[in-house]
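In this text the structure is predicted, and so the values were computed from the model without any measurement. Throughout, protein chains are lettered first and strands after them, A, B, ... in sequence-line order, and every chain is numbered starting at 1. Values below: every heavy atom of this structure, side chains too, minus hydrogens, waters and symmetry copies.
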Amino acid sequence: MESGAVRVAFDSSLEAEYSAAGTTYSKLPSSRYRGVVPQPNGRWGAQIYKRQKRVWLGTFVDEAEAARAYDVAAQRFRGRDAVTNFVPLSAEDEEGALALAFLAKHSKAEIVDMLRKHTFLDELRHSKRASAGAFGVSRRRAQSYHETARVMLFEKAVTPSDVGKLNRLVIPKQHAETHFQFWSGTAEGSKGVLLNFEDAAGKVWRFRYSYWNSSQSYVLTKGWIRFVKEKNLKPGDVIRFWQSTGPEKQLYIERRDAESPVRLFGVNISEGQAG
DNA sequence: GTATGTGTTGAT
DNA sequence: TCAACACATACG
């Protein structure tokens, strides 16, 4: 897709065109997202209609961020049958249930206000901390996954030996040295390092990441077989590795399903918006 | 001055 | 209900 650099250049050319003549307008790029409209300065507005009236949800630098704002409003305004840009919240999972509860206990006006001020995620986080305490849920768990911005690092179709009895997954060298570089130093020449990976359900898996001199390979060992069994991984299945974009650098692992969903409160992922 | 958000209209 | 377009006005 487009790189950030390309997008910025594109936007600034538009901006120049707009500001130069003051009243000379040119065609603005449409958004591929519902509820998102372009702004003359290259940013994106979000809006939703209710009772023949437009409700303005604010302006955003990121097109996808505007789309997520729309999704939040849509789900608050229209409930279960809201049409959304990304995967809608579900009461089936804990994260979704908490978010839905959060939506329900605030008025439409309050939600809109949060969106316009860009404080929605923060407020949701605070609310989650509170309910995590009340329900005895671990805070670590409550804050992970859904509202965390992530980028995909790489994926691999597992081989028969990856899912056999060897209790190891080979990380293609190129990917290991590109994405696990930070830990490679530790992995190489020593006993490796224990890394935590979180799966889509929020469960944390701990694997040893190390370098095998004998085969010149980077591998995940210790603990890997449990993941294979629980996920019922078969040869050819594709697993994906992700990492949060924040300072924590949390790692994620998940099997690629039929359609890997884009998370509502995560940054867009499957459409290549990384960095 | 620029950024934001409204007035308005035609399409779906 | 929706987005495109033009533009008024809020804002720093």
Participant: Can the ring centroids of A:Phe60 and A:Trp44 be said to lie less than 6.0 angstrom from one another?
Facilitator: no
Participant: With a 6.0 Å cut-off on ring centres, are A:Tyr33 and A:Tyr70 close enough?
Facilitator: no
Participant: Which whole-number value in Å describes the distance from A:Asn41 CG to B:dT2 C1'?
Facilitator: 8 Å
Participant: Determine, using ring centers only, whether A:Phe227 and A:Trp205 are less than 6.0 Å apart.
Facilitator: yes
Participant: With a 4.0 Å cut-off on N to O distance, would you call A:Arg34 and A:Asp71 a salt bridge?
Facilitator: no
Participant: Without decimals, in angstroms, what is the distance between A:Lys50 NZ and C:dC2 C1'?
Facilitator: 14 Å
Participant: Decide yes or no for A:Arg255 and A:Asp237: does some side-chain heavy atom of the first lie under 4.5 Å from some side-chain heavy atom of the second?
Facilitator: yes
Participant: Assign A:Gly45 to base, sugar-phosphate, or nothing according to its heavy-atom contacts below 4.0 angstrom with the strands shown.
Facilitator: nothing
Participant: Does A:Tyr33 place a side-chain N or O at less than 4.0 Å from the phosphate oxygens OP1/OP2 of C:dA3?
Facilitator: no
Participant: Looking at A:Ser31, I'd like to know whether one of its side-chain N or O atoms comes within less than 4.0 Å of OP1 or OP2 on C:dA3.
Facilitator: no
Participant: If you compare every side-chain N and O of A:Arg34 against the phosphate oxygens of C:dC2 (OP1, OP2), does one of them come in below 4.0 Å?
Facilitator: yes
Participant: What string of B, S and - do you get for nucleotides 5-12 of chain B, 5' to 3', when a contact is any protein heavy atom under 4.0 Å?
Facilitator: BBBB----
Participant: Can you tell me if A:Glu63 and A:Ser31 form a side-chain donor-acceptor pair at under 3.5 Å?
Facilitator: yes
